[in-house]
Amino acid sequence: MATDELLTRALAMLGEDDVSVEAIHRLTDVGGLTEPMTIAEVADMLDISPHTLRYYERAGLVEVGRDRSGYRVYDEEAVRRLVFLTRMRLSGMPMRDLQHYIELVDAGEDTVPERLDMLVEHRDTIRRRIRELTLSLAATEYKIATYGGSTGPEVTAERHRDEAPWSGSDGP
């Protein structure tokens with residue numbers, strides 16, 4: 001499943017400001033994976049490169065089994081972890097923080113309070129970034145409207161190609 005499809009599924013499950021635990025479980029559900037997946041299948045599902053998957057393995061973020069020929073095989077647990085890892089990386093979590101988080105996970109239940117603290121801090125960072133991006137989007141939409149363009153989610157870049165790019169006089 002590509003990142004766009006995962007994002008669409010996640011956004012469809014979101015409420016106004018809250019994400020339910022059930023929504024997250026549905027998002028990370030890998031469909032009761034019955035057979036291990038190849039590196040190409042996992043890379044395609046997560047819309048990342050096989051190189052990135054190998055990097056995550058070398059960095060100690062995920063353990064991946066091997067078949068008799070030595071090829072990587074991803075079981076359900078590895079795929080679920082990779083879904084989480086890719087979401088955290090997409091949201092801007094630094095690799096060193098992700099490595100520390102996974103070390104805590106692997107250390108057991110006693111580390112739950114520290115993991116919770118890390119995730120709350122990261123959530124606050126994401127919310128701050130969303131507010132910053134919302135402000136940037138508003139400024140961009142304003143300039144598009146200033147130049148006589150249409151704004152809103154239904155507008156695509158192709159629709160603006162034929163429009164006059166600099167019809168305003170208030171700067172670039």
Side-chain angles (χ1 to χ4, degrees), residues 1-30 42-62 79-105 111-172:
M1 175 180 325
T3 300
D4 288 343
E5 188 176 336
L6 277 172
L7 183 58
T8 300
R9 283 178 58 192
L11 292 175
M13 291 184 261
L14 293 177
E16 282 299 309
D17 290 320
D18 292 325
V19 179
S20 72
V21 172
E22 181 181 310
I24 295 301
H25 283 293
R26 286 193 314 254
L27 178 63
T28 60
D29 181 16
V30 292
V42 174
D44 184 55
M45 181 184 94
L46 297 174
D47 198 24
I48 59 176
S49 70
H51 173 76
T52 300
L53 291 171
R54 289 187 293 272
Y55 173 71
Y56 286 173
E57 184 181 356
R58 280 191 315 274
L61 298 175
V62 64
V79 173
R80 282 180 195 228
R81 182 171 278 193
L82 286 163
V83 168
F84 175 78
L85 294 170
T86 56
R87 297 309 97 198
M88 292 299 98
R89 287 296 294 148
L90 184 63
S91 68
M93 182 177 275
M95 279 298 292
R96 69 181 174 282
D97 290 352
L98 210 43
Q99 287 170 313
H100 181 64
Y101 180 87
I102 293 300
E103 288 170 4
L104 293 172
V105 169
T111 65
V112 166
E114 188 175 350
R115 286 185 264 162
L116 177 60
D117 288 345
M118 287 183 73
L119 292 173
V120 167
E121 184 178 326
H122 186 63
R123 179 200 58 198
D124 293 346
T125 300
I126 293 169
R127 286 181 173 168
R128 183 173 48 258
R129 187 70 182 129
I130 288 170
R131 285 192 305 271
E132 292 168 351
L133 288 170
T134 300
L135 183 58
S136 296
L137 177 60
T140 302
E141 294 282 10
Y142 170 78
K143 289 308 268 186
I144 289 170
T146 299
Y147 300 138
S150 299
T151 60
E154 72 284 346
V155 179
T156 62
E158 292 95 33
R159 289 180 61 187
H160 292 295
R161 250 187 254 163
D162 298 328
E163 295 175 6
W166 305 108
S167 59
S169 61
D170 60 328

Heavy-atom nearest pair, Ile126 first then Ser91, reads CD1-CB, 3.6 Å
Those residues at least two apart in sequence (or on a different chain) that pass side chain to side chain donor-acceptor pair (under 3.5 Å) with Arg58 are none
By side-chain contact (heavy atoms from CB on, under 4.5 Å), Thr125 pairs with (sequence neighbours left out) Arg128
Shortest non-hydrogen pair, Asp97 vs Met118, comes out as O-CE, 3.2 Å
Between the CD1 atom in Ile48 and the CG atom in Leu90, the distance rounded to the nearest 0.5 Å is 11.0 Å
Separation between CG (Leu82) and OH (Tyr56), nearest 0.5 Å, reads 8.0 Å
Tell me, do Val105 and Arg81 make a side-chain contact under 4.5 Å, heavy atoms counted?
-> yes
**Message:** With a 4.5 Å cut-off on side-chain heavy atoms, are Thr86 and Thr52 touching?
**Reply:** no
Is there a side-chain contact between Ile130 and Leu133, using heavy atoms and a 4.5 Å cut-off? no
The reported gap from CD1 in Ile102 to CZ in Arg115 (rounded to nearest 0.5 angstrom) is 9.0 Å
Tightest non-hydrogen contact, residues Ser49 and Ala43, listed as C-CB, 4.0 Å
The salt bridge (Lys or Arg N to Asp or Glu O under 4.0 Å) partners of Arg129 (sequence neighbours excluded) come to Glu132
CE of Met88 to OH of Tyr101, rounded to nearest 0.5 Å, is 8.0 Å
Separation between CD (Glu141) and OG (Ser150), nearest 0.5 Å, reads 10.0 Å
Contacts of Glu114 meeting side-chain contact (heavy atoms from CB on, under 4.5 Å) (sequence neighbours excluded), chain-then-number -> His100, Leu104
Taken in chain and number order and not counting sequence neighbours, the residues that satisfy side-chain contact (heavy atoms from CB on, under 4.5 Å) with Ala59 are Leu61, Met95, Gln99
Thr140 meets the side chain to side chain donor-acceptor pair (under 3.5 Å) criterion, sequence neighbours left out, with none
On a heavy-atom basis, the closest approach of Gly92 and His122 is C-CE1, 3.9 Å
